[in-house]
Amino acid sequence: MDSPRKPWWKLVHPRYTAAQLGLPLYVAYNASRTPLQWETCVWTLIYAFMTGLSITAGYHRLWTHQAYRACLPLRIILAALGAGALQLPIRVWAADHRAHHRFTDTDRDPYNAKRGLLYTHIGWIITYNSEKFGHKTEGVDLSDLDRDPVVVWQRRAYYPLAGLMGFLLPAAVAGTLWGDWHGGFLYAGCLRVVLVWHVSYCINSLAHWIGEQPYSTRNTARNCALLAVVTLGEGYHNYHHAFPGDYRNGVRRGDLDVTKWWIWAWERTGLVWDVKRCTGSRSRGGDSGKGE
């Protein structure tokens with residue numbers, strides 16, 4: 001991966017490349033033949049939100065950063081929906097992201113911003129190889145995830161679960177309720193996966209290139225309110241890198257951090273507890289300290 005003799009685009013992974021290129025092409029080819037019913041359009045947006053939240057609130061803030069603790073039913077739901085986002089199992093996702101935080105902007109950062117915008121957005125994915133990435137995640141503690149039965153279950157059942165939650169469930173909902181099996185599969189299944197993919201990828205790419213650095217200038221992470229709108233709050237990336245243990249990315253009251261509001265609501269209803277709020281995190285300008 002890191003050999004100076006081989007640019008990353010010469011190391012493409014056939015299966016991941018086929019998925020990243022083939023699924024959008026499949027959608028584009030079939031969209032002209034498949035009318036988008038309004039019910040299917042609404043369902044696509046709802047399911048995109050659900051699977052997107054499973055990544056931001058589940059994969060990211062719950063399992064990767066342990067920003068709160070959640071009850072078993074909620075963890076199961078987030079893990080199942082997360083599989084439907086087709087971003088690999090929780091343990092793999094968390095290993096890469098913990099390495100990203102520990103080795104930000106270095107060669108051991110799986111999506112090192114210094115390798116360019118295209119690489120951080122999709123290049124690192126289409127060249128992804130677990131063996132070659134192994135050295136990047138050496139020293140990253142995953143023992144907490146290995147003790148979580150939900151994480152273990154999701155990893156073992158990932159591929160059938162991804163097929164069920166990613167494609168069969170959205171098609172079945174549209175097909176059963178308003179008779180649009182093909183539209184449900186194409187739009188709420190395939191198109192939604194592509195949209196959630198690239199919204200998530202924007203955090204690895206654009207959130208290290210566009211915006212401000214009010215909390216820390218130690219790395220390339222930036223805050224971008226516009227990006228936060230489409231990523232359910234993840235666009236406040238400069239704050240997140242300064243205080244990764246905080247359940248909030250948008251710490252100010254008016255910040256558009258939808259994920260924060262959901263976690264707050266879950267806390268009020270007793271579904272989650274031990275929600276972390278980093279002290280001193282409201283300060284602005286320069287390096288404001290370490291998170292929990």
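Computed from a predicted model, the values in this text were never measured in an experiment.
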Inter-residue atom distance R91.CZ - D96.CG, 0.5 Å rounding: 11.0 Å
Short side-chain to backbone donor-acceptor contact, K260 and N249, under 3.5 Å: no
Test item: H240 and H65 side chains (from C-beta on) under 4.5 Å apart, heavy atoms: yes
Shortest non-hydrogen contact between S216 and A242, atoms and distance: CB-CB, 4.1 Å
Expected output: side-chain N238 to main-chain R222 donor-acceptor under 3.5 Å: no
ring-ring contact (aromatic ring centres under 6.0 Å, His included) against H198, all qualifying residues, sequence neighbours excluded: H121, Y201
Q66 and D144: side chain donor to acceptor below 3.5 Å: yes
Short side-chain to backbone donor-acceptor contact, T120 and L117, under 3.5 Å: yes
Flag, side chain of W197 to backbone of L86, donor-acceptor distance under 3.5 Å: yes
T40 versus D180, side-chain donor and acceptor atoms under 3.5 Å: yes
Test: D255 and R252 ion pair at under 4.0 Å: yes
Side-chain heavy atoms of E39 within contact of L177, under 4.5 Å: no
Under 3.5 Å: donor-acceptor pair, side chain of Y68, backbone of A57: yes
Plane angle bin for F185 and F167 - parallel if under 30°, tilted between 30 and 60°, otherwise perpendicular: tilted
T259 vs Y247 side-chain heavy atoms within contact, under 4.5 Å: no
Distance-minimising heavy-atom pair for W63 and A79: CH2-N, 3.8 Å
For V151 against L145, the heavy-atom pair lying closest together: CB-O, 3.6 Å
Cluster check V152, V140: I/L/V/M/F/W/Y, side chain < 4.5 angstrom: no
W266, CH2: over 12 other non-hydrogen atoms inside 6.0 angstrom: yes
Which atom of V272 lies closest to which atom of A70, heavy atoms considered: CG1-CB, 3.9 Å
Student check: side-chain heavy atoms of D105 and K114 closer than 4.5 Å: yes
Side-chain heavy atoms of L161 within contact of W153, under 4.5 Å: yes
Beyond-backbone contact of Y187 with T34, side-chain heavy atoms, under 4.5 angstrom: yes
Cluster check L226, I210: I/L/V/M/F/W/Y, side chain < 4.5 angstrom: no
Qualifying residue for side-chain hydrogen bond (donor to acceptor under 3.5 Å, both in side chains) with D109, from R102, H100, R115: H100
NZ/NE/NH1/NH2 to OD/OE distance under 4.0 Å, E267 and R277: yes
Close side-chain approach of C41 to T44, heavy-atom, < 4.5 Å: no
Within the 6.0 Å centroid threshold, strictly below: W124 and Y119: no
R69/D274 ion pair, N-O < 4.0 Å: yes
Working for side chain to side chain contact (heavy atoms under 4.5 Å, CB included), residues T106 and N112: CA-CA 6 Å; T106 71; N112 178 7; 5.5 Å; no
Spacing of CD belonging to Q154 relative to CD1 belonging to I90, to within rounding of 0.5 Å: 4.0 Å
L53 versus L232, closest heavy-atom pair with distance: N-CD1, 3.6 Å
Spacing of CD1 belonging to I55 relative to CG belonging to L78, to within rounding of 0.5 Å: 9.5 Å
Distance-minimising heavy-atom pair for A221 and H237: CB-O, 3.6 Å
Verdict with supporting geometry, Q87 and V196, side chain to side chain contact (heavy atoms under 4.5 Å, CB included): CA-CA 9 Å; Q87 294 188 23; V196 174; 3.9 Å; yes
Derivation and outcome, side chain to side chain contact (heavy atoms under 4.5 Å, CB included), residues V275 and W264: CA-CA 9 Å; V275 178; W264 177 88; over 6 Å; no
Atom pair OG1/CG of T104 and N219 - distance to nearest 0.5 Å: 5.0 Å
Sidechain-backbone polar pair: S54 side chain, G58 backbone, donor-acceptor under 3.5 Å: no
Gap separating the CD atom of E234 from the NE2 atom of H60, nearest 0.5 angstrom: 5.0 Å
Worked verdict on K276 versus R61 for side chain to side chain contact (heavy atoms under 4.5 Å, CB included): CA-CA 10 Å; K276 296 180 181 177; R61 303 191 197 186; over 6 Å; no
Distance-only side-chain donor-acceptor flag, Y215 / N223, under 3.5 Å: no
Between OH on residue Y236 and CD1 on residue I203, distance to nearest 0.5 Å: 11.0 Å
Co-membership, hydrophobic cluster, residues W209 and Y239, 4.5 Å side-chain: no
Cluster check L45, W178: I/L/V/M/F/W/Y, side chain < 4.5 angstrom: no
Common cluster, I46/W261, ILVMFWY with side-chain heavy-atom separation under 4.5 Å: yes
V258 side chain reached by F49 side chain, heavy atoms, under 4.5 Å: yes
Under 3.5 Å donor-acceptor, S32 side chain and A28 backbone: no
R192 and T51 side chains, donor-acceptor separation under 3.5 Å: yes
T64 side chain vs Y59 backbone, donor-acceptor pair below 3.5 Å: yes
